[in-house]
Amino acid sequence: MKVNIIMPKMGESINEGTIIKWHKKVGDKVKKDEIIYEISTDKVDTEIPSPSDGTLIEIKAFENETVPINEIVAVIETNGNSEIIIESKNEIPSTDQVGSIVELPMPKMGESINEGTIIKWHKNVGDLVKVDEIIYEISTDKVDTEVPSPVDGIITEILFKVNEVVEVGKIVARISTKSGITKIVDKESKEGSELFDEEILVDENKSTRKINSNSFISPVVMNIANKEGVTQSELNSITGTGTNGRITKKDILDYVKTKGTVTTVSAPKIFSQKNISIRENDEIIPMDNIRKKIMEHMINSRDTSVHVSEMMEVDMTKIHNFIEKYRERFLKDENVKLTYLSFIADAAIKALKEFPLVNSSIDEEKIILKKNINLGIAVALEPNGLVVPNIKNADEKNVRGLAKSISEISLKARNKGLTPDDVIGGTFTITNYGVFGALFGTPILNQPEVAILGVGAVVKKPVVIEVEGIDTIAIKPMMYLTLSHDHRLIDGMLGGMFLKFIKETLENFEVSNV
């Protein structure tokens with residue numbers, strides 16, 4: 001008998017729980033009252049025991065996945081038999097198999113995220129995988145992450161290719177948890193062929209599958225072709241990027257997008273597309289998902305907020321001297337790397353406390369004044385990307401605490417270790433383009449925040465100072481700070497006062513703040 005394990009209700013007002021750890025994997029024997037998994041809610045963390053003796057034959061939700069209450073997260077076979085048969089339905093070819101199949105859905109990486117883009121497969125059909133071994137990477141508009149295998153087994157199906165966008169919950173791959181041969185059986189012929197030799201094509205409009213052939217055109221592709229007036233001969237001319245040359249949804253949409261917009265002229269060949277001239281030897285590079293999302297966010301920010309920028313020059317002498325004197329000691333004794341950014345972050349936090357309106361958002365005709373200071377730090381990603389994780393409750397940290405946190409989130413960002421929680425909920429952002437040598441810039445707001453601080457490079461330069469009433473020239477480490485703010489809420493006076501407060505805090509640095 002199969003027993004469904006559901007997400008329990010942990011309180012009257014709690015409607016979901018997040019799985020934080022599985023203590024068992026598919027195929028494991030479990031005893032009644034033995035801990036199977038752990039969950040976390042906004043009220044409590046708790047361990048969930050097995051309701052009966054048996055074998056864990058299916059896990060339906062990943063670690064870190066948030067699941068509504070009463071939804072099935074796992075299945076136990078109480079008679080201990082872990083061999084199951086997946087029967088055919090309607091037109092679906094049946095799958096005879098020894099062992100159990102584990103389906104890998106596109107994980108939900110945040111409350112507002114409904115899809116993810118597969119950016120890399122680390123495994124192919126037929127490959128052995130170990131539990132927690134990385135199978136594929138996904139990208140969302142919040143974060144890029146690596147998805148591990150929940151079980152030991154063999155990859156038997158990969159249903160989506162690199163760069164395909166997949167809805168949350170849709171199955172992207174299947175794993176056989178035993179090494180037995182998995183076969184696709186056609187009902188009419190009753191002749192099997194190994195799954196590794198044929199692709200099972202998922203029809204995107206119907207819950208049916210068909211064995212792929214070179215001439216197969218899915219209903220989705222055909223519907224788009226009919227709607228856009230693409231003839232059969234035009235379809236035949238499209239080079240499909242799917243398996244065995246199959247035309248994918250992306251192929252037909254790309255064809256429709258460029259149809260009739262590409263013309264050629266005499267040498268040198270120039271292709272004109274939407275007012276862009278493309279020469280024959282020009283390289284065309286598709287945008288990756290991160291760059292597309294950055295582009296969307298920047299356009300949205302430009303079209304939402306009224307951007308105004310103010311700049312001030314800051315004398316960093318006291319902080320520069322402190323870092324030069326204590327850099328090695330902090331690194332050796334506390335493993336803290338002192339940088340200008342941690343001191344600037346500390347000064348910005350003090351300014352936000354002094355001028356709390358800068359730590360807010362606009363909701364139509366309402367101002368949302370944020371009580372927590374969640375400090376975003378823009379992190380550049382190779383080869384051409386940007387992400388803004390934030391330090392939660394940054395106002396509770398001193399300079400050395402901020403230095404540690406900045407180092408930690410930067411490392412996580414560059415190693416694809418960020419979670420959705422790391423990149424949502426920010427209230428104010430700092431972007432340090434000075435690390436690349438830039439002196440100043442005019443950053444774009446990180447929506448829905450109303451201000452962002454741009455940090456230029458610290459460079460030694462001659463400045464005029466007054467010594468005993470006499471003007472003189474001295475060499476000092478100087479830096480430009482730029483505050484871009486939303487003029488719908490932060491006017492020039494408030495923006496200027498806020499920036500001046502940061503400048504004075506940095507120039508009058510006190511060792512006790514570290």
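Atom set for the values below is all heavy atoms of this structure, side chains included, hydrogens, waters and symmetry mates excluded.
Each salt bridge (charged side-chain N to carboxylate O under 4.0 Å, His left out) pair with one or both residues in residues 113-125, not counting sequence neighbours, appears once here: K123-E133.
In plain terms, the two heavy atoms of A413 and V379 that are nearest each other are CB-CG1, 3.9 Å. A pairwise comparison of heavy atoms in I69 and P8 identifies CG2-O, 3.6 Å as the closest pair. Closest non-hydrogen pair, G27 versus T55, comes out as O-CG2, 3.7 Å. Here the closest heavy-atom approach between residue I430 and residue A348 is recorded as CD1-CB, 4.2 Å. The two atoms that bring I444 and S301 nearest to each other are CG2-OG, 3.4 Å, heavy atoms only. Counting all heavy atoms, side chain and backbone alike, V30 lies closest to S50 at CG2-OG, 3.8 Å.
Here the side chain of D486 pairs a donor or acceptor atom with the backbone of R488 at under 3.5 angstrom. In this structure, H122 contributes its side chain and E137 its backbone to no donor-acceptor pair below 3.5 Å. Within the 3.5 Å criterion, the main-chain N or O of L402 finds no donor-acceptor partner in the side chain of S405. No donor-acceptor pair closer than 3.5 Å links the side chain of N390 to the backbone N or O of L375. In terms of modelled atom types and a separation under 3.5 Å, the side chain of S52 and the main chain of T78 share no donor-acceptor contact. Although no hydrogens or angles enter the test, the distance criterion places no donor-acceptor pair under 3.5 Å between the side chain of K353 and the main chain of I373. Between the T482 side chain and the G441 main chain, a donor and an acceptor come within less than 3.5 Å of each other. Formation of a donor-acceptor pair under 3.5 Å by the E164 side chain with backbone atoms of K161 is found in this model. For the pair T429 (side chain) and I452 (backbone), a donor-acceptor distance under 3.5 Å is absent. Between the side chain of N4 and the main chain of V75, no donor-acceptor pair closer than 3.5 Å is present.
With sequence neighbours excluded, the residues forming a side chain to side chain donor-acceptor pair (under 3.5 Å) with D422 are K412, T419, listed by chain and number. For Y37, the ring-ring contact (aromatic ring centres under 6.0 Å, His included) partners at least two apart in sequence or on another chain are W22. When the side chain to side chain donor-acceptor pair (under 3.5 Å) test is applied to E34, the partners found at least two apart in sequence or on another chain are K24. Residues meeting the salt bridge (charged side-chain N to carboxylate O under 4.0 Å, His left out) test with K25, sequence neighbours left out: D28. In this view, K397 satisfies the salt bridge (charged side-chain N to carboxylate O under 4.0 Å, His left out) rule with no residue, not counting sequence neighbours.
Residues I155 and N124 fail the side-chain proximity criterion, which asks for heavy atoms closer than 4.5 Å. At a threshold of 4.5 Å between non-hydrogen side-chain atoms, the residues V172 and W121 count as touching. Looking at heavy atoms from C-beta onward, V358 lies out of side-chain contact with H485 at the 4.5 angstrom threshold. The shortest distance between side-chain heavy atoms of K60 and I5 does not fall below 4.5 Å. With contacts defined as side-chain heavy-atom distances shorter than 4.5 Å, the pair Y255/L235 does not qualify. Side-chain atoms of I391 and I406, non-hydrogen and from C-beta on, do get closer than 4.5 Å to each other. Side-chain contact check for I76 versus I36: some heavy-atom pair is nearer than 4.5 Å. Within the 4.5 Å cutoff, side-chain heavy atoms of L104 are placed close to those of P150.
Within the model, atoms OG of S149 and CG of D127 stand 11.5 Å from one another, a figure rounded to the nearest 0.5 Å. Distance NZ/K370 to CG/L352: 12.0 Å, rounded to 0.5 Å. Interatomic distance, E47 CD to I35 CD1, rounded to the nearest 0.5 Å: 4.5 Å. Here the CD1 atom belonging to I20 is positioned 11.0 Å from the OG1 atom belonging to T66, to the nearest 0.5 angstrom. Atom CG of residue L489 and atom CG of residue L494 lie 7.5 Å apart, to the nearest 0.5 angstrom. Distance check: I238 CD1 to I247 CD1 gives 5.0 Å after rounding to the nearest 0.5 Å.
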Could you walk me through whether N432 and I344 pass the side chain to side chain contact (heavy atoms under 4.5 Å, CB included) test, one step at a time? CA-CA 10 Å; N432 182 19; I344 296 164; over 6 Å; no

Going through the distances and angles, do V151 and V131 end up as a side chain to side chain contact (heavy atoms under 4.5 Å, CB included)? CA-CA 4 Å; V151 294; V131 64; 5.6 Å; no

Let's go through D395 and N393 carefully: what are the C-alpha distance in whole Å and the side-chain angles of both, what is the deciding distance for side chain to side chain contact (heavy atoms under 4.5 Å, CB included) to 0.1 Å, and is it a yes or a no? CA-CA 5 Å; D395 50 313; N393 300 313; 4.3 Å; yes

F160 and M106: side chain to side chain contact (heavy atoms under 4.5 Å, CB included), yes or no, with the steps? CA-CA 10 Å; F160 294 92; M106 174 61 69; over 6 Å; no

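Residue L369 forms a side-chain contact (heavy atoms from CB on, under 4.5 Å) with just one option from L357, N359, T427, and that option is L357.
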